[in-house]
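Let me begin by presenting the structure, written as structure tokens, before commenting on it.
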Amino acid sequence: MAASAAARGRLGAMRNGVRGALAGVAAAAVALGLAELVAVFVGARSAPLVAVGGVVVDNVPEPLKQFAIDAFGVHDKTALMIGTVVLLAAFAALIGYLAVRHIGYGYAGIALFGVIGIGAALTRPDAGVAYALPSLLGVGAAAVVLWRLVSPADDVDLEDRRHFLTGVAVVLGAAAATGLGGRWLANRRTVSEARSAVTLPIPADPAPAVPETLSLPQLAPYVTSNRAFYRIDTALVVPQVDPATWELKIHGRVRRPMTLTFEQLLARPMVERYVTLACVSNEVGGDLIGNARWLGVPLKDLLDEVEPLDGADQVVGRSSDGWTCGTPTAVLRDGRDALLAVGMNGEPLPIDHGFPVRMVVPGLYGYVSACKWVVELELTSFADFDAYWVPRGWSAQAPIKTQSRIDTPRSRNNLTPGPITVAGVAWAQHRGIARVEVRVDDGPWQEATLARTVSVDTWVQWSWRWDATSGAHRLQVRATDSTGATQPEEENPPAPDGATGWHSVDVEVE
Ligand SMILES: Nc1nc2c(c(=O)[nH]1)N[C@H]1C(S)=C(S)[C@@H](COP(=O)(O)O)O[C@H]1N2
Ligand SMILES: [Mo]
């Protein structure tokens with residue numbers, strides 16, 4: 001009799017543990033679901049997951065970030081979110097487990113999450129006090145749910161257990177409904193309708209016609225479609241910037257500060273140019289690069305109008321979510337086609353690529369020049385201000401390095417002996433590519449044929465006919481820019497100012 005009571009007691013304790021853990025997870029789900037819904041009205045970056053994720057993105061050590069990009073590529077943010085949710089669920093289960101012992105432990109755990117969520121939201125660069133609301137209401141709801149679910153924690157009574165499981169199911173259902181409802185509302189509140197309503201002006205100075213370029217399977221087309229264009233940014237939720245309320249402040253160390261509305265911007269004479277954008281994180285042979293036709297206002301004209309003061313050697317572009325990049329003022333005024341862009345390949349900028357307005361600067365890596373969702377240009381000096389990536393170990397000055405890539409063949413092709421077209425792209429924006437050479441198995445360098453380009457600001461396609469013999473071979477490519485400098489063989493990683501080395505492809509001919 002006594003033994004059986006002890007066994008029952010142990011069983012009860014174990015089941016109470018499971019029950020507590022379930023209650024904890026249900027409480028956390030309610031908190032996140034409700035917070036998601038509230039954040040629709042307060043601002044997407046106030047939601048606890050997004051806010052905490054943002055803090056992680058901004059502070060994660062560089063090697064870990066590089067690992068995430070290598071391991072998950074463009075899905076690195078999804079991986080971060082899933083990882084966070086899994087961790088959160090584990091902690092929520094632990095809190096629930098402890099709450100069965102003493103409900104005070106549960107409240108303390110929830111309060112801790114509240115502090116983290118609210119702290120993260122309030123310290124986001126674009127935060128207002130209201131950013132505390134989603135986490136605050138979320139933890140309030142979680143506390144009520146936890147209290148309701150764990151308090152009648154008596155024993156293994158079957159009736160009670162059914163009751164409990166029904167309660168958990170109802171709570172999870174409510175959490176899913178509010179969370180998905182929030183998502184649905186958020187998706188309806190994007191600026192895609194405002195984007196469709198934009199009519200781009202006819203360029204006063206149109207882009208040159210694209211000459212005949214190469215079209216081969218696997219070879220990057222000369223112009224990258226908006227759909228295929230790489231996307232890189234720190235935004236966990238894509239900023240939704242309404243052109244009706246968009247303003248650009250140009251200020252700081254200038255004689256005549258200026259504010260522009262979208263309408264005023266569109267009324268200015270526009271130029272249209274092909275410019276190849278490249279990411280500093282691109283590995284040798286990588287595809288974080290694309291060439292598009294951009295429509296916009298020359299940044300030089302705007303800077304001339306505000307009259308920068310002496311010493312204002314840096315223009316800081318600031319986006320609606322607080323991200324910054326720093327561009328040399330001299331580069332923006334040296335006559336190159338640096339644009340405040342509104343159009344990409346004949347369409348308003350896609351939301352992912354900076355709608356309604358972004359910067360595009362030929363010759364500089366994106367992180368020092370290509371501010372998307374730009375709302376501010378601040379003239380300052382490099383000595384006075386470090387933009388987003390600089391304290392994270394990347395160079396303040398980052399001209400694009402000369403690079404070349406073999407697109408075809410790649411190792412998985414079924415190759416047979418005889419003539420094979422080797423082709424790829426090469427780039428040295430704003431200097432231009434003078435020569436591309438290919439070699440096979442460390443043999444002599446052979447000059448490739450360059451396709452045509454519209455300017456020195458874009459990449460160039462190249463091709464070379466190879467008389468392939470059977471066996472394993474290594475193809476290598478290198479480019480020389482129009483200053484006569486050949487890209488160095490020495491291999492360097494992307495950090496701190498762009499990867500170097502020759503791209504090579506190993507193929508099997510049989
Ligand atoms: N607001 C904002 N703009 C940004 C970034 C960012 O994180 N936030 N990333 C920059 C980087 S690193 C690159 S390479 C380019 C990429 O532009 P794309 O996504 O249109 O290809 O955007 C730049 N502009
Ligand atoms: Mo980048």
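Sequence positions, counted from 1, serve as the residue numbers for this chain. All of these numbers come straight from a predicted model, not from anything done at the bench. When a ligand or atom number is given, it counts from 1 through the structure's own listing order.
Listed by chain and residue number, R431 satisfy the salt bridge (Lys or Arg N to Asp or Glu O under 4.0 Å) test with D481 (two or more places apart in sequence, or in another chain). Residues satisfying the side-chain contact (heavy atoms from CB on, under 4.5 Å) test with D301, not counting sequence neighbours, are P298.
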Can you give the donor-acceptor pairs under 3.5 Å from side chains of residues 45-57 to other protein atoms, not counting sequence neighbours?
from: R45; atom 1: NE; to: D126; atom 2: OD2; distance (Å): 2.8
from: R45; atom 1: NH2; to: D126; atom 2: OD2; distance (Å): 3.0
from: S46; atom 1: OG; to: G43; atom 2: O; distance (Å): 2.6

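For the pairing with W502, the side chain to side chain contact (heavy atoms under 4.5 Å, CB included) check across E437, Q403, R478 returns one residue only, R478.
Protein residues are said to neighbour a ligand when one of their heavy atoms lies under 4.0 Å from it; for ligand 1 these are F229, Y230, R231, I232, D233, T234, L277, C279, S319, W323, H353, R358, G366, Y367, A370, C371, K372, W373.
Between the side chains of Y230 and N282, not a single donor N or O lies within less than 3.5 Å of an accepting N or O. A side-chain donor from one of H251 and E376 sits under 3.5 Å from a side-chain acceptor of the other.
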